[in-house]
Amino acid sequence: MVKRKWIFGLTLFILTSLAPAAQAADEYNFFAGARYPGPARAPGVDIYKVEQTGGPHAKGYQRRVVDWWPRKGVDIIEVKSAMPLRTWTLRDRELNPQAVGEHLMLGIETLTRRLSWKWKQATKFKAHLIGFRGLGNRYGNPFEPYRFYCPAVVLRMADGTKRCFTRGTFVKEDEKFILDLYLKEIARLRGKVSKAKYAIRPGIDASWPDSAKPGQPGTMRVQSEHFVWMSGSQHAPNESYSPWVNRDYPEKARLYREGSVTFAEDMWAHHAYAGVLMPYWDRPQRYKHNITVCGTYRDGHKWLAGYAGGGYGGCGI
């Protein structure tokens with residue numbers, strides 16, 4: 001009996017010891033900045049300091065002074081243990097064709113973004129990573145040399161201020177570090193999304209049957225929890241670039257479709273967490289968002305031309 005009590009006590013001690021660490025890890029949120037501000041002030045954020053002659057209830061015109069800056073939690077960020085501290089390395093800022101191709105940026109964008117900082121920022125600097133802006137994707141574009149996309153990051157600089165750095169600012173090792181952490185955190189965010197079931201909208205089966213495999217005449221659909229992509233199933237004869245279905249690189253096209261699904265569901269989770277009213281949230285029947293993939297060839301003869309539009313619960317890309 002004593003032995004059982006000892007084992008139970010040891011088990012309870014281990015679980016109790018681990019709980020605060022696990023809780024602390026969950027408390028820090030790299031996506032906190034994505035949420036719309038509510039009526040309540042976020043913990044750790046200072047309010048504006050206001051001084052008025054005669055106090056806050058003074059009558060008539062009185063001199064009023066407001067200290068807008070700096071505010072803790074907005075202009076000055078305190079370090080938390082969950083914020084990774086890293087030595088970041090800026091990319092080579094020289095404008096060259098290879099760099100432009102790697103990052104899918106126009107030459108003028110590369111020139112502006114990389115050269116504008118050179119005179120005021122060291123090539124290497126230490127800073128804490130405090131959050132993400134936007135989305136990343138481990139797939140990138142399989143038809144381009146750059147194989148993954150990391151999101152923009154917000155860093156806490158040495159003086160306590162924060163600054164946002166977009167994709168393409170840092171060397172590949174830093175961007176891989178960003179991506180790995182992002183994938184872990186976005187998976188946790190997706191786990192918080194509502195588990196409500198979304199159905200395919202009536203009429204889709206008739207107008208866009210999932211009747212063909214890539215490369216065969218017909219139409220095809222790709223589905224995920226909240227989205228359905230409707231497309232032709234062939235690479236158009238006169239088109240050189242066809243990432244959704246491609247006759248010459250079918251495996252790259254498959255990865256492109258798979259990456260699109262991942263990106264869309266990450267976007268859904270990100271928007272939902274931010275507080276955006278997603279399609280059909282406010283309706284009794286929830287339907288998947290319809291995406292018509294233009295630039296594909298359906299039924300062996302019909303070219304799906306590009307257009308802008310869609311409507312509620314649908315779009316064309």
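Within the 4.5 Å cutoff, side-chain heavy atoms of Arg35 are placed close to those of Tyr273. You'll find the side chain of Thr89 stays beyond 4.5 Å of the side chain of Glu173, heavy atoms only. Residues Tyr182 and Leu135 are in side-chain contact: their nearest non-hydrogen atoms beyond the backbone lie under 4.5 Å apart. Side-chain atoms of Thr262 and Arg190, non-hydrogen and from C-beta on, do get closer than 4.5 Å to each other. Here the side chains of Leu129 and Phe30 are in contact, with some heavy-atom distance below 4.5 Å. Looking only at side-chain heavy atoms (C-beta outward), Val222 and Val261 come within less than 4.5 Å of each other. Side-chain contact between Trp208 and Thr292 is present, with heavy atoms from C-beta onward closer than 4.5 Å.
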For the pair His289 and Ile291, evaluate side-chain contact (heavy atoms from CB on, under 4.5 Å) and give the outcome as yes or no after the intermediate values.
-> CA-CA 7 Å; His289 188 85; Ile291 303 173; 3.8 Å; yes
Take Arg91 and Asp174 through the side-chain contact (heavy atoms from CB on, under 4.5 Å) test and state the conclusion after the steps.
-> CA-CA 10 Å; Arg91 285 190 184 275; Asp174 288 338; over 6 Å; no
Chi angles and distances behind the side-chain contact (heavy atoms from CB on, under 4.5 Å) call for Thr161, Ile76 = CA-CA 5 Å; Thr161 60; Ile76 303 298; 4.2 Å; yes
Worked check of ring pair (Phe, Tyr, Trp, His ring centres under 6.0 Å) between Trp88 and Phe165 = CA-CA 11 Å; Trp88 303 89; Phe165 295 86; 7.9 Å; no
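Relative ring orientation between Phe31 and Phe132 is described as tilted, the plane-to-plane angle lying within the 30° to 60° band. Using bins of under 30°, 30° to 60° and over 60° for the plane-to-plane angle, the ring pair Phe170/Phe125 lands in the tilted bin.
No donor-acceptor pair under 3.5 Å is formed between the side chain of Arg71 and the backbone N or O of Ile47. Within the 3.5 Å criterion, the main-chain N or O of Ala236 finds a donor-acceptor partner in the side chain of Arg247. The main-chain N or O of Tyr249 is found under 3.5 Å from a side-chain atom of Asn246 such that the two form a donor-acceptor pair. With hydrogens and angles ignored, the 3.5 Å screen pairs a side-chain donor or acceptor of Thr219 with a backbone N or O of Pro209. In this structure, Asn290 contributes its side chain and Met230 its backbone to no donor-acceptor pair below 3.5 Å. Here the side chain of Asn141 pairs a donor or acceptor atom with the backbone of Phe143 at under 3.5 angstrom. Distance alone, capped at 3.5 Å, places no donor-acceptor pair between the Tyr287 side chain and the Pro279 backbone. Ser211 contributes no side-chain N or O that, together with a main-chain N or O of Gly218, makes up a donor-acceptor pair within less than 3.5 Å. Panel note: side chain Tyr312, backbone Tyr280; a donor-acceptor pair is recorded below 3.5 Å.
Of the N and O atoms on the side chains of Ser231 and Trp244, at least one donor lies less than 3.5 Å from an acceptor on the other residue.
With sequence neighbours excluded, the residues forming a side-chain contact (heavy atoms from CB on, under 4.5 Å) with Lys49 are Asp46, Asp67, listed by chain and number. A search for side chain to side chain donor-acceptor pair (under 3.5 Å) contacts involving Glu265 returns Ser224, His226, not counting sequence neighbours. Residues forming a side chain to side chain donor-acceptor pair (under 3.5 Å) with Arg156 (at least two apart in sequence, or on another chain): none. Looking at residues two or more places apart in sequence or on another chain, you find a side-chain contact (heavy atoms from CB on, under 4.5 Å) between Gln52 and Ala58, Gln62, Arg64.
Applying the salt bridge (Lys or Arg N to Asp or Glu O under 4.0 Å) test to pairs two or more places apart or on separate chains, none has a residue in residues 271-297. Residue pairs satisfying the salt bridge (Lys or Arg N to Asp or Glu O under 4.0 Å) criterion with at least one member in residues 211-225, sequence neighbours excluded, are listed as follows: Asp205-Arg221.
A salt bridge links Arg254 with Glu251; the closest basic N to acidic carboxylate O contact falls under 4.0 Å. The residues Asp180 and Lys184 are annotated as not salt-bridged, no charged nitrogen and carboxylate oxygen being separated by less than 4.0 angstrom.
Annotation for Gln216: atom CD counts as buried by contact number, over 12 foreign heavy atoms lying within 6.0 Å.
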